[in-house]
Protein chains: 2
Amino acid sequence: MELDDTDRAILRILQEDARTPFSEIARRIDMSSATVHDRVGRMEDAGVIEGYHASVNPKAVGYGVSALVGLRVEQGREEDALERLREIEGVREIHLTTGEWDVILRVVAEDTDRLRDLMFDRVANMDGFSRSQTMIILGTDYETEGLPI
Amino acid sequence: MELDDTDRAILRILQEDARTPFSEIARRIDMSSATVHDRVGRMEDAGVIEGYHASVNPKAVGYGVSALVGLRVEQGREEDALERLREIEGVREIHLTTGEWDVILRVVAEDTDRLRDLMFDRVANMDGFSRSQTMIILGTDYETEGLPI
DNA sequence: GTTGAAAAAATATTGAG
DNA sequence: CTCAATATTTTTTCAAC
């Protein structure tokens, strides 16, 4: 789908605050709210907008620790290994990467003890991985909400 | 702020779809929508809910490549280095980590050429970093929307 | 594609238990 | 804290340009 400047302006606003009323978006981009409605609907249908999500403070729901985990996968075990990773609670993202690691996970845990349990009981001892490294996120200095559009 | 099971149920729904009408949430958790409204407002005020964001398909807006970038920061240059990283377009997250890297960035770029520009012109040659490694994300196998609540 | 206006639906507010 | 009822605002639809 081709996006014009109006679409991009709408996306910028919705990335920032997905609950901005269409009437307010319309006012800001100087169009009618029916147009905004129409364009948003088309971007949703086309998969440009993938969804709307509340972002929840991890600490408020008991997750004190985040980490990135690099993994080396044994040859031929990829499919199986990934499938088991997906089932582990606390695993939020699984990325296939170039460089030092084949897979990088992003995980959350209640505290460092639980993170250790997660890593040693469920990941490190899991068949199919030859090496792992846990990089605990001490703090997140910066995080944009969305892409530069 | 203390969260009870009702609050958590609301958070689960809003993480999944931030535009779910309060009336629909009320129906699902078997409460009135005024209650939902009240609880959501309090969770917003308390910072439990940090915001609502549309998630945009990166490819649809021209970002074909994502990467994780590990960086080593020279002693005493941390503040200054981080500040300059924040200003680079395409840098979406800056995490301070334990382990092999001091800082891990998450970046997006239009294509691998642009990623190379970003990395070599703007990051690798930047003062204050002694080593860097770019891990291109070949694909994301799995990504949860939000936390396990 | 866009619009203004009407209809439908949702959210915000109020007052009381 | 929760609710029902009401007031307000937003979303959605639609004929017309």
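Residue numbers start from 1 in every chain, and the chains themselves are labelled A, B, ... in the order their sequence lines are given, proteins ahead of strands.
- Nucleotide dT2(C) holds its C1' atom 8 Å from the CE atom of Met31(A), rounded to whole Å.
- Residue Phe22(B) contributes atom CZ, which lies 15 Å from atom P of dT2(D) at whole-angstrom precision.
- Between the C1' atom of dG1(C) and the CG atom of Asp30(A) lies a distance of 15 Å, rounded to the nearest Å.
- Closest approach to the Asp38(A) side chain among dT2(C), dC3(D), dC1(D) is made by dT2(C) (side chain taken as heavy atoms from C-beta onward).
- Summarising the geometry, atom CZ belonging to Arg39(A) is positioned 7.0 Å from atom CD1 belonging to Ile29(A); distances are rounded to the nearest 0.5 Å.
- Nucleic acid contact class of Thr35(A) (heavy atoms, under 4.0 Å, all strands): base.
- Side-chain N/O atoms of His37(A) include none lying less than 4.0 angstrom from OP1 or OP2 on dT11(D).
- If you take CD1 of Ile25(B) and C1' of dA10(C), they are 12 Å apart, rounded to a whole angstrom.
- In this structure, the side chains of Arg131(B) and Glu100(B) come closer than 4.5 Å at one or more pairs of heavy atoms.
- Rounded to whole Å, atom C1' of dT11(D) lies 15 Å from atom CD of Glu24(A).
- For the pairing with Asp141(B), the salt bridge (charged side-chain N to carboxylate O under 4.0 Å, His left out) check across Arg86(A), Arg84(A), Arg106(A), Arg92(A) returns one residue only, Arg86(A).
- In this structure, of dT10(D), dT11(C), dC3(D), it is dT10(D) that holds the atom nearest to the side chain of Pro21(A).
- Judged purely by distance below 3.5 Å, without hydrogens or angles, the side chains of Tyr52(B) and Glu44(B) pair a donor atom with an acceptor atom.
- Each of Ala34(B) and Arg39(A) lies near DNA chain C, and the nucleotide nearest Arg39(A) is the one positioned closer to the 5' end.
- In this structure, the CZ atom of Arg27(B) is 16 Å from the P atom of dA4(D), given to the nearest Å.
- Close to dA10(C), at under 4.0 Å from its OP1 or OP2, lies no side-chain N or O of Arg19(B).
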